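Before I ask anything, let me first share the structure, which is written out below as structure tokens.
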Number of protein chains: 2
Amino acid sequence: MTVTIKDVAREAKVSVASVSRALNGVGGVTPATEQRIREVAARLRYVPHGAARSLITKRTHTVGALMPDLHGEFFSELIRGIDLEARTHGLHLLVSSSHNGADDAAAALRAMQGRVDGIVILSSPGVDAAFLKTNLPESLPTVLLNSDMKAGAAAVLNIDNFAGTYAMVRHLASLGHRRIAFVTGPKNNFDARQREAGFRAAMTRLVPGTSPRIVSGDFSEASGYLAGRELLSGKVRPQAVFAANDMMAVGCLQAFKEAGIAVPGDIALVGFDDIPIARYVTPPLSTVRVRIAELGKNAMDLLADLINRPGSSAASVHTLGCDIVVRESCGGASGRNLNHHNQENPSRVESTTKLEGSS
Amino acid sequence: MTVTIKDVAREAKVSVASVSRALNGVGGVTPATEQRIREVAARLRYVPHGAARSLITKRTHTVGALMPDLHGEFFSELIRGIDLEARTHGLHLLVSSSHNGADDAAAALRAMQGRVDGIVILSSPGVDAAFLKTNLPESLPTVLLNSDMKAGAAAVLNIDNFAGTYAMVRHLASLGHRRIAFVTGPKNNFDARQREAGFRAAMTRLVPGTSPRIVSGDFSEASGYLAGRELLSGKVRPQAVFAANDMMAVGCLQAFKEAGIAVPGDIALVGFDDIPIARYVTPPLSTVRVRIAELGKNAMDLLADLINRPGSSAASVHTLGCDIVVRESCGGASGRNLNHHNQENPSRVESTTKLEGSS
DNA sequence: GCGCACAACGTAAACGTTTTCATGCAGCCT
DNA sequence: AGGCTGCATGAAAACGTTTACGTTGTGCGC
């Protein structure tokens with residue numbers, strides 16, 4: 001770090017301008033001198049000072065990722081997808097992964113100002129349209145993940161919760177289940193609301209004439225456990241239970257086990273997310289897989305596009321389809337599958353990234 | 001972003017110097033004018049340009065995290081721990097989480113030059129002492145995670161694999177097991193080697209006179225499965241199996257299940273890591289917990305210290321203790337535990353962060 | 001043989017800060 | 001009353017780049 005472009009220039013007996021030109025490969029310099037400069041630079045271990053460069057270039061080659069304090073697979077896979085793709089675009093990743101509430105997020109956002117060329121924001125309660133309006137500089141390219149913003153200043157990329165839930169209900173219905181219950185997620189969660197909507201829509205279309213039982217949960221295992229017990233307590237037991245995420249499904253499973261209700265023999269059970277745990281519980285849990293790393297990759301692509309061609313695809317809405325993966329917990333289908341080492345073949349529901357241009 | 005310190009100065013009818021002083025709270029400015037400047041800055045939504053600032057300050061208020069392309073809990077928890085703690089130090093986090101091999105890592109490292117005040121590096125095959133010697137600028141504060149470097153230019157923070165394994169063997173021995181087998185991790189993995197060493201040491205000390213069976217794995221579930229079958233194929237079956245990580249233990253479990261061997265009835269089984277899956281398999285897996293987020297936090301603290309007091313604790317070696325958590329898979333102890341909602345009380349083995357100053 | 005175009009290279013400005021130094025002004029002490 | 005101390009403020013340098021512009025020199029066409 002202590003070696004600057006001037007040192008290289010002096011050592012190579014050229015001006016700093018030539019060093020810059022040579023190292024950036026913009027031409028305007030003889031192959032011979034370029035070679036010499038490169039050698040000197042390498043020998044001196046010169047590496048350009050990023051801050052100085054971006055001061056004049058107005059490009060930081062860095063993108064920010066702003067997300068709430070969540071742990072687990074979702075977070076790591078998302079970051080991984082983003083980072084991997086960022087690399088291919090020659091971008092670095094500045095993460096702020098642990099804010100709690102809007103104030104934290106606002107601070108993080110402010111701190112990122114001038115350090116990033118663009119930003120990926122994972123929505124969370126408090127970080128919504130209004131929040132962004134006041135805290136985001138207009139000019140900053142932004143991609144919103146899982147946001148219910150229709151089309152504002154930013155591009156929006158969503159998981160197709162609706163289609164995923166719908167497809168899973170279709171599968172359950174095809175197995176002959178009619179009394180299908182649903183365990184919801186938290187009310188203020190975007191995914192949770194979409195999944196519930198998908199479930200309701202699917203039921204009225206695919207299993208008409210029934211009014212499905214819906215009990216509320218909050219995405220936690222404990223709430224799933226409670227929901228499971230509640231579902232068992234009714235006078236007529238559901239044939240299938242659809243939990244809005246896998247952790248709650250696991251909670252249900254526990255409740256059923258304790259009550260001596262066999263899964264899938266007495267009751268079918270499915271979840272949503274395909275967390276790693278899903279395939280290791282007994283019986284392995286059928287669920288809807290969301291390809292998180294791919295979500296991150298797509299977000300990054302969108303953002304890179306926004307950065308390189310300002311205003312290109314801003315204010316567009318995209319969705320990423322889900323796969324339904326059938327294991328044992330919903331019965332029927334492939335039957336008992338003793339060895340979970342073999343590959344599952346998830347059936348892709350809707351993976352087209354549809355673009356609803358607007359603005 | 002397009003509003004600079006000059007705009008604020010003009011609007012507040014002072015010089016840029018005063019704006020800088022006022023906003024940085026360094027004094028040398030009347031409370032009245034400071035107030036005025038702050039108001040103007042707020043009204044204009046002025047936020048200082050990080051690059052320009054760090055150009056002169058030589059501080060980026062950013063630290064880098066360099067890690068291999070690993071997914072899952074370890075990655076996310078580590079990042080989380082680091083980020084959370086970085087925040088308290090007023091630092092941001094630049095991650096490069098997906099390199100494969102030394103070349104990638106070198107490129108990532110070079111790209112971070114001048115963008116970070118310090119760096120946390122998670123060792124991986126290829127990223128070792130020699131690698132760092134050639135790719136790390138001397139002056140850059142560095143914390144190495146899980147490195148076998150004794151004490152070089154950087155601070156080193158390790159998981160106490162040895163003590164963790166040792167304690168778990170002690171527990172198994174206390175349950176009466178004498179024929180304890182071990183499934184190793186990959187040969188080039190630091191953790192794996194330490195765990196094996198801990199196992200061997202514990203066995204010679206605690207169960208003397210036996211020569212334990214040791215079969216090799218590579219940390220993957222599949223290799224654990226194979227190892228499990230191999231262990232069963234011998235003429236005398238082990239009483240307990242210690243897998244060097246949880247995924248392999250899960251593989252073993254599957255092998256045992258297929259062979260009709262009951263866990264823990266016929267054979268005890270333990271792992272290492274306490275990944276989330278561990279508590280959801282049947283039977284829930286006893287294991288050694290490494291507090292990953294705490295590892296990240298400690299690394300960050302170490303690094304912040306290095307940054308603020310150059311040369312303070314460089315070239316020191318620290319270790320973070322593990323907890324052993326007893327579930328059902330090793331039998332004995334707490335007996336069958338029907339409800340896994342209740343809290344487990346891991347017994348902490350050795351959590352003192354011992355510092356072996358050197359240099 | 002002369003000028004002209006073009007390529008190679010150097011000079012210097014610019015980016016947005018922080019910080020050192022100089023300047024002016026007020027108040028205090030003697 | 002005069003000089004000195006100290007404080008608020010402004011001017012300008014510095015940080016390490018990129019880049020617009022100017023300068024030089026070379027080769028080429030006529």
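Order of the sequence lines fixes the chain letters, A, B, ..., with proteins taken first and strands second; residue numbering starts at 1 for each chain. Not measured: the values here are computed from a predicted model.
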TODO: Ignoring backbone atoms, test whether B:R53 places a side-chain nitrogen or oxygen under 4.0 Å from the OP1 or OP2 oxygen of C:dG16.
DONE: no
Open item on the list: If the threshold is 4.0 Å, N to carboxylate O, is there a salt bridge linking B:R80 and B:D83?
Closed with: no
Task: A:M67 side, atom CE; A:I121 side, atom CD1 - distance, nearest 0.5 Å - done: 10.0 Å
Open item on the list: I need the NZ-P distance between B:K6 and C:dT17, as an integer number of Å.
Closed with: 9 Å
Open item on the list: Between A:D117 and A:T60, is the side chain to side chain donor-acceptor pair (under 3.5 Å) condition met? List the steps.
Closed with: CA-CA 6 Å; A:D117 294 337; A:T60 64; 2.9 Å; yes
- [ ] Round to a whole Å and report the spacing from CG of A:L55 to P of C:dA13.
- [x] 17 Å
Open item on the list: What I'd like to find out is whether the side chain of A:N158 reaches to under 4.5 Å of the side chain of A:F190, using heavy atoms alone.
Closed with: yes
Task: A:E39 with A:R43: basic N within carboxylate O range, under 4.0 Å - done: no
TODO: Please list residues of residues 30-42 of chain B whose heavy atoms come under 4.0 Å from any atom in DNA chain C, ordered by number; otherwise none.
DONE: none
Task: Chi angles and distances behind the side chain to side chain donor-acceptor pair (under 3.5 Å) call for B:R87, A:S96 - done: CA-CA 9 Å; B:R87 177 138 331 177; A:S96 178; 2.8 Å; yes
TODO: Report yes if a side-chain nitrogen or oxygen of A:K58 is closer than 4.0 Å to either non-bridging phosphate oxygen (OP1 or OP2) of C:dA14; otherwise report no.
DONE: no
TODO: Could you tell me the separation between the CD1 atom of A:I56 and the C1' atom of D:dT17, rounded to a whole number of Å?
DONE: 7 Å
Task: Rounded distance [0.5 Å steps], CD in A:E34 versus CZ in A:R38 - done: 4.5 Å
Task: B:S15 side-chain N/O to D:dG10 phosphate OP1/OP2 under 4.0 Å - done: yes
- [ ] Strictly below 4.0 Å, heavy-atom distances to any atom of DNA chain C: list the hits from residues 17-27 of chain A, or just say none.
- [x] A:A17, A:S18, A:R21
Task: Which nucleotide in C:dT17, D:dG16, D:dT17 has an atom nearest any side-chain atom of B:I5 - done: C:dT17
Task: Any A:T62 side-chain heavy atom under 4.5 Å of A:L91 side chain - done: no
- [ ] Take atom CG of A:D7 and atom C1' of D:dT17, then tell me their distance rounded to the nearest Å.
- [x] 13 Å
Open item on the list: In the structure I gave you, are the side-chain heavy atoms of B:L94 and A:L93 within less than 4.5 Å of one another anywhere?
Closed with: no
- [ ] Rounded to the nearest angstrom, tell me the gap between atom NE2 in A:H49 and atom P in D:dA14.
- [x] 17 Å
